[in-house]
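Notes for the one structure printed next.
Residue indices begin at 1 and follow the sequence shown.
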Amino acid sequence: MIALLTGQLAYKSINHIVIDVGGVGYRLIVPLSTFYALPDDGMVRLHVHTHVKEDAIQLFGFQTPEEKGMFSLLIGVTGVGPKLAVNILSNIPAGELHAALAEGDSKRLSAVPGIGPKTADRLVLELKDKARREAQAAPAAAPAGHPPKTDDPFADALSALVNLGYKENLARKALQAVEVPPEGTLEDLLKGALKILVK
């Protein structure tokens with residue numbers, strides 16, 4: 001089982017990356033928090049969760065052990081698969097998620113696309129005690145680094161938000177409401193839109 005990868009960042013996109021380790025390319029699905037923290041190229045080191053299904057083996061990469069630990073907790077909840085867990089971590093940083101679970105804040109959780117009130121309540125019910133026990137753990141580091149410049153950051157941001165489960169018209173309105181300078185990046189657009197969408 002792969003638990004950690006260190007290698008050259010060969011490819012980077014909003015929902016997955018490829019790391020070249022000794023000539024072998026490993027495809028990792030990453031949350032937006034990890035995407036923001038990665039450089040455009042160079043050596044990277046990610047904590048990895050290996051998810052084995054009947055028909056596939058998937059690798060999920062995380063910038064911090066806290067993110068990986070939170071992911072493992074989330075997929076242990078009935079009805080929460082890896083895709084939804086990545087979506088949750090893309091919308092709520094690991095430290096904030098720990099706090100929301102420890103405080104029983106199901107409203108914060110249900111603001112994430114794909115999580116209804118029942119799923120939010122189940123997450124709180126099953127993880128509240130675990131989150132309280134881990135409350136002493138350090139919160140995830142703030143996202144750093146910059147995503148690559150693209151020809152159309154608005155279109156890329158819209159695509160990322162739709163992939164996260166937001167309806168296209170709501171995602172478009174949120175992006176249009178974001179105030180970014182002319183030199184604003186894809187990261188700026190996504191962060192601004194997510195702040196609006198999770199209110």
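- Separating the CG atom in Leu123 from the NZ atom in Lys128 is a distance of 13.5 Å, to the nearest 0.5 Å.
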### Message
If you apply the rule side-chain contact (heavy atoms from CB on, under 4.5 Å), what do you find for Leu161 with Leu170, and how did you get there?
### Response
CA-CA 9 Å; Leu161 292 170; Leu170 292 176; over 6 Å; no

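- When side chains are defined from C-beta on, Leu194 does not count as touching Ser90, because their heavy atoms never get closer than 4.5 Å.
- Closest approach of Leu38 and Leu46 over heavy atoms only: CD2-CD2, 4.0 Å.
- Counting only distance, with no hydrogens or angles, the side chain of Asn87 and the backbone of Pro113 share a donor-acceptor pair below 3.5 Å.
- When side chains are defined from C-beta on, Leu101 does not count as touching Lys130, because their heavy atoms never get closer than 4.5 Å.
- Nearest heavy-atom pair across Gly79 and Leu84 is O-CD2, 4.2 Å.
- Clustering ILVMFWY residues whenever any of their side-chain heavy atoms sit less than 4.5 angstrom apart, transitively, puts Val18 in a cluster other than the one holding Phe35.
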### Task
Apply the test side-chain contact (heavy atoms from CB on, under 4.5 Å) to residues Val77 and Leu125: give CA-CA distance (whole Å), side-chain angles for both, the deciding distance (0.1 Å), then the verdict.
CA-CA 10 Å; Val77 174; Leu125 179 68; over 6 Å; no

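- Residue Ala111 comes nearest to Tyr166 through the heavy atom pair O-OH, 4.2 Å, listed as atom of the first residue, atom of the second, then distance.
- Looking at Asp105 and Leu109, their side chains never come closer than 4.5 Å, going by heavy atoms from C-beta outward.
- Summarising the geometry, atom CD belonging to Gln58 is positioned 11.0 Å from atom OG1 belonging to Thr50; distances are rounded to the nearest 0.5 Å.
- The CD1 atom of Ile92 sits 6.5 Å away from the CD1 atom of Ile115 when rounded to the nearest 0.5 Å.
- A single hydrophobic cluster is seen to contain both Val44 and Tyr26, as judged by linkage of ILVMFWY side chains at heavy-atom distances under 4.5 Å, directly or through other members.
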### Task
With side-chain contact (heavy atoms from CB on, under 4.5 Å) as the test, would you mind laying out the steps for Thr34 and Leu28 before giving the verdict?
CA-CA 11 Å; Thr34 293; Leu28 291 89; over 6 Å; no

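- There is a path of hydrophobic side-chain contacts, each under 4.5 Å, that joins Val21 to Ile17.
- By the rule that hydrophobic residues join a cluster once side-chain heavy atoms approach within less than 4.5 Å of another member, Met43 and Ile19 end up as members of separate clusters.
- Counting only distance, with no hydrogens or angles, the side chain of Arg27 and the backbone of His16 share no donor-acceptor pair below 3.5 Å.
- Scanning both residues, Ala102 and Ala131, for their nearest heavy atoms gives N-CB, 3.7 Å.
- Between Arg108 and Glu103, no side-chain nitrogen of the basic residue sits less than 4.0 Å from a carboxylate oxygen of the acidic one, so the salt-bridge criterion is not met.
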### Task
Just do the side-chain contact (heavy atoms from CB on, under 4.5 Å) check on Val30 and Lys12 with the steps written out, would you?
CA-CA 10 Å; Val30 296; Lys12 177 184 175 186; over 6 Å; no

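- For the atom pair CG of Leu190 and CG of Leu32, the computed distance is 6.0 Å after rounding to the nearest 0.5 Å.
- Relative ring orientation between His51 and Phe60 is described as perpendicular, the plane-to-plane angle rising above 60° on a 0-90° scale split at 30° and 60°.
- With values rounded to the nearest 0.5 angstrom, Ile196 atom CD1 is found 10.5 Å from Gln176 atom CD.
- The heavy-atom pair separating Leu9 from Pro39 by the smallest distance is CD2-O, 3.1 Å.
- Contact of the Leu89 side chain with the Phe62 side chain is registered, since non-hydrogen atoms from C-beta on lie closer than 4.5 Å.
- Among all heavy-atom pairs drawn from Gly104 and Val124, the shortest one is CA-CG1, 3.6 Å.
- Contact of the Ser33 side chain with the Gln63 side chain is not registered, since no non-hydrogen atoms from C-beta on lie closer than 4.5 Å.
- Hydrophobic cluster membership differs between Leu4 and Ile29, with clusters built from Ile, Leu, Val, Met, Phe, Trp and Tyr side chains linked at under 4.5 angstrom.
- Glu66 contributes atom CD, which lies 11.5 Å from atom CE of Met70 (distance to the nearest 0.5 angstrom).
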